[in-house]
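In the text below, chain A, chain B and the rest are named by the order of the sequence lines, each starting its count at 1.
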Amino acid sequence: MRANYRVNSGVRFEVLSKDQLQEMFDGVLHVMDKIGLDVHHDRAREILAGAGARVEGKRVQIPPHVVKRSLATAPRSFTIYARDGNPAHDIHIGPGRSHFGPGPTPPNFIDIETLERRPYVRDDARIVATVCDALPNIDFCESLGTISDVHTDLAASYEFATMFPKTSKPIVAWSYGWDDSNDIHQIAVAEAGGQEAFEKRPNYVHYCEPLSPLVSTFEAVDKVIFAAEHGVPVIFTTCALAGGTAPVTPAGIIIQTTAESFMGLVLSQTIRPGLPFFMGGVLSVMDMSAMILTYGAPELSLMMAGATELAHYCGIPLWQTGGCTDSKCLDEQASLEGSLSVFFSALSGGDLCHDVGYTESGMTGSILQTVMMDEAIGYSRRICRGIEVNEETLAVDVIQDVGPDGHYLYHDHTMRHFKTEFWYPNLCDRRNFEEWDADGQKPMRDRVVERTREIAATHEPSPVRPETEKAIAEIMEAAEERVKDKS
Amino acid sequence: MSQILEQIATGIIGGDIQGVEKLVQKALDEGQEAETILQNGLIVGMAEVGKRFKAAQMFIPEVLRAAKSMHGGQELLRPLLAGDKAGRAGKIVIGTVQGDLHDIGKNLVGMLCEGAGFEVVDLGFDAPPDKFTEAIKTHQPDIVAMSALLTTTMRAMGYTLKAIEEAGLRDKVKVMVGGAPVDAEFAERIGADGYGHNAVSGAEVARNLIEAG
Amino acid sequence: MSEILQQITTAVMQGKKDEIAQIAQQAIDEGSGAEDILYKGLMPGMDYVSVEFKAGRVFVPEVMRSARAMLNVMEVIKPLMVEKGISMVGKVLLGTVKGDLHDIGKNLVGMMCEGAGFEVRNLGINVEPEKFVEAVKEFEPDIVGMSALLTTTMRSMGDTVKALEEAGVRDRVQIMIGGAPVSQAFADKIGVAYAPDAAAAADKAKELIANSR
Amino acid sequence: MMVNRHNYDVNATPTFRVLSEDQIEAIYYASLRVLYETGVRVYDSEGVDVAQSGGAIVEDTTEKSSLVKVPHYMVDKARATVPSKVVVIGPDRKHRMELYKNQIYYGGGSDTPYTIDPYTGERRRSTYNDVKNCARIAQALPNYDFHMSLGITQDTAVGTYDRWQYLAMLEGTSKPINITAVDIEGVRDQLEMAYIRVGGKEEWRKGPIFTLYIEPVSPLSHSQEVIQKLLFCCDNHIPFVYTPCPLAGATAPTTLAGLLVQALAESLFGIVLSQLRNPGAQIIIGGLMSNMDMLSTIYSYGSPEMALLSAAYTDITKWLRVPEYETAGCSDAKLFDEQAAMEGAINIATSGLIGGNMIHDVGYLDSGLTSCPELMVASDEMIDMVKRILQGIPVTPEAMALDVMEQVGPGGHFMEHDHTYERFKTEIWRPKLIDRQNWENWNMAGGKRYGERVHDRVVEILEAETEPLLDDAMYQELRRVCELADARHKDEELDVKMFV
């Protein structure tokens, strides 16, 4: 019998100490209170003023107690449900868990047949949803593109309408504004069986993106209001560039983006206390030569890990970023950049890690990258699971049994554990040279393409209810009607 | 095919060591021919195991279990089987060569060869050339298999082959080699008859050498 | 005289934004003309910076400094230029289109164009088509540059082009566009020029000027 | 007002741990039990005598070996004298490794039978020239702190390959080297070569220029060669790496904790024996532990378990206060591809985070059978990225930049601010071969994959004119040691040009 014994369940990773986190949190409160943010939305400013904010023109300053009140009502743990009731597809947000999925809105897509870069089209949404549904380490779905072959105003509506029937994993939805948010919500509600049922088991999350530095745009705020009024879990995340739209120092950018995100927090919690809220955002550096927001920088991993710890310190989940790259093709750079950020995201326990499948600094979505990163996520998850230490795993008796110069291949202990202790890859090739050689010397990217095509061609996601199919058709018809006079 | 033979095959696949022995005994008690039990039960099961392993549906520890069950069943049948080999695929003398203490690869090959129906004589690791020649004289194997994990100890394979030649035994046995740094080119250079690039292929090569006579 | 112009060039290259105005004043006092200061002092410095930037040896914040240094001198010599009727390479009017609050890319373009010797007027973000029209009439630019970061606001680019046409000023200016979702294909569709990034935008501006003259 | 913070914890770097202190102790005490109750097999009578003289129980003695059981107090005693810090300095007296606690140094791996030809991309047997080329690449890469051969010379005699290999490395690099030796004569010759290179025995004592790689066989077996090398190192002030290579599921328990128990018992025996022989003898324990892939039967160099075990073992060695031999930058891929990048990136990250001291095998492919110059160059960049992450997030008023945000204000930008100008070069990591251009520019530049750019860099390094590291006289002197060794081995058949 042991006493006073403490174990690590999984590995331990920490970027910031508690004291440092408190100091950064105080910095966030300072920014919100003393500098304030510009909020380009009249009604939002009214709501915020009602909650105790000081409003002058567009500038909104929020005192610390108002922020803290909102933090107190926002939950740390909750569930986003699979639309079909498949518990394996539910996402349980809470300490020590990280989840992964693609990202929204790149203009381009890598065609999985021709492997060429071209504008994102509607059928790509189907492919992305189908493949995400099948991948073992992808937990939620996002489109990886903005549909270019439908009416511009309906890109988001069509995106959701196309993806929703093709995956039962929760979708993170993106939209332009109120109308298409409503299209999306009606589809989700139809499947859930009504607004009340939806609120009990929300099956999607809404994504809103304000601006850095310290600007809440009309659309982003409008969508938060929509989400709060309809009980949709919400993400409020800026996309800041250290050295461009945020301080060049990691502590500075984390503080600024947190303040930007907290504007959405206060707004959403004021409208609907208890609404699940994800703090953002995408934190990376501006490459001072290429003038891009880099999606492959080591700073992204570092800053996102710091932001995750700050969010958790504040008691709310984080919208993480990883599995993305600045590479223009499926290559070694895409793999190493994506793998590093995925690994650090998993280590830090970012609650929803998105952009798995972003390439070319977010300009091109690639489901091939997602498929490749699925492997890196599985790999990272095995490491994060750590090492279990107990009498059975210490195996002193087994070592005694086998003895010097023996082997463990026949041992019962091996039979008991070899499947759970070891991770088995899908894409990493561990055959010896001769077998690999005989099979055509394929690099991993070839296997990625093969696997992607195979999944896209063969995977059958669980269908939506027939009523939902009908509802989707009606909702989209009404939407077309709504925009028919706009160019 | 009778039900009991199917059960034996299933037992092999499941690596049920005791179960297979019991079933083989039962089949004998029921009056089945030993040769039938071997061909339509044990070997059928093991063939399936090989197939599943290649398809990544079975893992090495399971394959080794299956091999052991196969071996157990076969031992029961052996006295009843006709012919000088008594149902065996052949006899192998196996060892890790002199100077090399790594024997995990050699162990794997040995176990898989047993599963393939061979009688295996294991000389252990760090086995000098004369230990091999002695063993050939004593056990009269069909095949001598040598393993090495180090580039430096690979040369002991050459020395051993030479010793076998000098003892006038070279034409009595087939010689196969394997191990991480060994490749087909090297095997050819020292005059071995076969090369296995991993444990599974080692067992296959052994079978092919026997079939080729 | 050329020594002091050399000093100005060096000060631009090194981004000495505070010291440079003094050096320029000294140059004027010593009898340098505005044209010399601009074309033999400032521009060679900016050309160097621009080449180094494209080679990846000088970085955005440094280019910013150099551009700022140049602008500080421009403040000093502007009255002289007006007096003598000396013009810059050209005039560029910039803005992020209506509905879009993204600023950073457009600011980079502004800086690069300034560095290339253009006079730049920046209309800021969320710029209505009418505001572009007004500014074209008043500022009389050679080039109008528009930026958008959102797919939805890309439409405003088309609207702005239309508004310029309707106001009858479309043929007085060249138009170029840029921003993450913007492509050559889209630019072709609305009949304007396209630049994939800020450095390319400055080159494009120069090219448009050269073609128009 | 200047106010200092106190009672304030600072994470100066990210912190990473696999095992809690209680778990480390559970593993440690379990290995003490293995050492005493199961024992280790020792195939060297001198080694057995040394152990016995220190109090070990010797049983089951055969013609070749004995079972040696080590009581706990012997381990305690050895731990009291084993150095917590080992220093190795390259022959240029500049590149140095201070191996202790959380110091990290990256370097290659030893003796792969194959190398990927840097020009043709084909896998073939490694030659003297390959070893020299890998050393030259290591010399050129800033994140390589030490070197190992990354190829076994196979166009020299097998019995003396190690001297030639060392000569090839000395021709290519002036960084510290972890050598291998074919036998005790090989160590002796290479030590002589090191004396020549560094200017005599006294100079060596000031800072040894190599460590010797010694590998006992798992489970729990210590060959004559291994023990003899260990004793020789203890007697001659040679720091050495004592690293078993247990394979979970084959030569060690399948459960990772069990593997750690066994590996630690194997290392502790090395510590005990070395400290009995010469208290203060410099030993580095490791470090290469992984699982057998149960489908392919390979020793996996790219598995997450490898990364995890190496990190966990570092936790243990830090607790023991003994320098650690970590493993990273390696893969099971057969060429430098996305798999090699993925496995390499993550295991480089874990090794850097955990702070393993001497992190080897950077550049290994094909489960340790093939060395790859491209993976070396790519790893250099990955290590650089990880080092950026290791700088952590300083939380100071300057870094928090609240005043800067106020000056810039909502909707502004930071590109022109002094705060950015003064820091961007240190805060923003610059890639070397990673490409961040936009699609148009990348496409215009030829649209190359990362692997192609890495390949170009390899060729560039190899074709660059560099000053020879050895002057002709020294080269001849070193070469003479190799030739004398060849002369002693000239009667061995099958030896010369065995492979190539």
Side-chain angles (χ1 to χ4, degrees), chain A residues 5-8 11-15 17 19-20 23 27 35 38 214-215 243 247-252 285 287 290 298 302 306 326 328 331-333 335-336 339-340 343 360 376 379 382-383 387 389 393-396 398-400 404-405 414 417-418 421-423 428 430-431 436 443-445, chain D residues 8-9 11 14-18 20 22-23 26 30 33-34 38 41 220-221 249 253-258 261-262 291 293-294 296 304 308 312 332 334 337-339 341-342 345-346 385 388-389 393 395 399-401 404 406 410-411 420 423-424 427-429 434 436-437 439 442 449-451:
Chain A
Y5 184 74
R6 187 182 166 113
V7 304
N8 281 0
V11 300
R12 286 284 181 277
F13 174 73
E14 185 184 280
V15 179
S17 72
D19 291 325
Q20 289 172 312
E23 186 150 351
I35 304 175
D38 283 353
L214 303 170
V215 175
V248 72
T249 42
V285 294
D287 184 282
L302 177 65
D326 297 325
K328 269 61 66 181
D331 71 349
E332 302 83 355
Q333 178 183 341
S335 176
L336 76 91
S339 301
L340 264 190
F343 176 60
E360 194 197 331
Y379 193 112
R382 172 62 193 98
I383 291 179
I387 294 176
V389 180
T393 62
L394 286 168
V396 173
V398 184
I399 297 171
Q400 167 83 26
D405 296 328
T414 302
H417 295 290
F418 82 89
E421 283 287 288
F422 304 162
W423 173 77
C428 287
R430 291 184 180 167
R431 293 174 300 176
W436 174 77
M444 191 200 222
R445 54 186 173 275
Chain D
Y8 185 101
D9 281 334
N11 282 7
T15 62
F16 178 60
R17 276 192 84 141
V18 177
S20 73
D22 285 350
Q23 286 172 314
R33 202 177 132 196
V34 169
T38 307
R41 189 145 288 275
L220 301 167
S221 181
T254 305
T255 46
L256 306 189
V261 169
Q262 184 187 301
N291 59 309
D293 181 77
M294 292 302 188
S296 63
L308 189 55
D332 297 327
K334 265 60 70 181
D337 69 349
E338 297 71 24
Q339 175 181 349
M342 180 180 292
I346 300 181
M385 291 174 86
R388 170 64 190 96
I389 294 172
I393 302 179
V395 182
M400 290 177 33
V404 182
E406 182 147 13
T420 304
R423 290 173 180 77
F424 80 94
E427 290 291 346
I428 300 179
W429 177 79
I434 278 173
R436 289 178 175 170
Q437 303 177 81
W439 192 87
W442 170 77
R449 275 188 300 107
Y450 182 71

Okay, A:Leu336 and chain D: the region with an atom under 4.5 Å from a heavy atom over there is both

Most contact-rich option vs chain D, by heavy-atom pairs under 4.5 angstrom, among A:Pro443, A:Pro298, A:Ser339, A:Gly306, is A:Pro298

Output for pair (D:Met294 CE, A:Arg430 CZ), nearest 0.5 Å, gives 11.5 Å

Residue from D:Glu427, D:Met385, D:Gln339, D:Met400 scoring the most non-hydrogen pairs under 4.5 Å with chain A is D:Gln339

Applying a strict 4.5 Å limit to non-hydrogen atoms, the region of A:Tyr379 in contact with chain D is both

Donor on one side chain, acceptor on other, A:Glu421 and D:Asn291, under 3.5 Å: no

Most contact-rich option vs chain D, by heavy-atom pairs under 4.5 angstrom, among A:Thr393, A:Asp287, A:Thr414, is A:Thr393

d(A:Lys328 NZ, D:Arg449 CZ) to nearest 0.5 Å is 14.5 Å

Exercise. Donor-acceptor pair, D:Gln23 side chain versus A:Asn8 backbone, under 3.5 Å?
Worked result: yes

In this structure, OG of A:Ser335 is separated from CD of D:Glu338 (nearest 0.5 Å) by 6.0 Å

Next on the checklist: As a quick check of understanding, evaluate side chain to side chain contact (heavy atoms under 4.5 Å, CB included) for A:Leu302 and D:Ile393, giving each step before the final call.
Outcome noted: CA-CA 8 Å; A:Leu302 177 65; D:Ile393 302 179; 3.8 Å; yes

Notebook entry, point to check: What's the verdict on side chain to side chain contact (heavy atoms under 4.5 Å, CB included) for A:Val389 and A:Leu394, showing C-alpha distance, side-chain angles and the deciding distance?
Noted result: CA-CA 6 Å; A:Val389 180; A:Leu394 286 168; 3.9 Å; yes

Honestly, the part of A:Gln20 sitting under 4.5 Å from a heavy atom of chain D is both

From the list D:Ala345, D:Ala26, D:Pro253, the residue making the most non-hydrogen contacts under 4.5 Å with chain A is D:Pro253

With chain A, the option among D:Glu406, D:Arg41, D:Arg17 that has the most non-hydrogen atom pairs under 4.5 Å is D:Arg17

Taken to the nearest 0.5 Å, the spacing of D:Asp22 CG from A:Tyr5 OH works out to 6.5 Å

Rounded to the nearest 0.5 Å, the CZ atom of D:Arg388 sits from the CD1 atom of D:Ile428 at a distance of 9.0 Å

If one checks every heavy atom of D:Val404 against chain A at 4.5 Å, the contacting part turns out to be neither

* **Side-chain touch A:Phe422/A:His417, heavy atoms, less than 4.5 angstrom** => no

In terms of heavy-atom pairs under 4.5 Å with chain A, the winner among D:Trp429, D:Tyr450, D:Phe424 is D:Tyr450

Most contact-rich option vs chain D, by heavy-atom pairs under 4.5 angstrom, among A:Leu214, A:Asp19, A:Ile387, is A:Asp19

Most heavy-atom pairs under 4.5 Å with chain D, out of A:Glu14, A:Arg6, A:Glu360, belong to A:Glu14

Okay, A:Trp423 and chain D: the region with an atom under 4.5 Å from a heavy atom over there is both

Most heavy-atom pairs under 4.5 Å with chain A, out of D:Ala399, D:Pro14, D:Pro304, D:Ala257, belong to D:Pro304

Of the listed A:Val285, A:Leu340, A:Ile383, A:Val398, the one with the largest count of heavy-atom pairs under 4.5 Å with chain D is A:Ile383

Of D:Val261, D:Val34, D:Leu220, D:Leu308, the largest count of non-hydrogen pairs under 4.5 angstrom with chain A goes to D:Leu308

Value for SG (A:Cys428) from CG (D:Asp337), rounded to nearest 0.5 Å, stands at 8.5 Å

Comparing A:Asp326, A:Asp331, A:Val215 against chain D, the one with the most heavy-atom pairs below 4.5 Å turns out to be A:Asp331

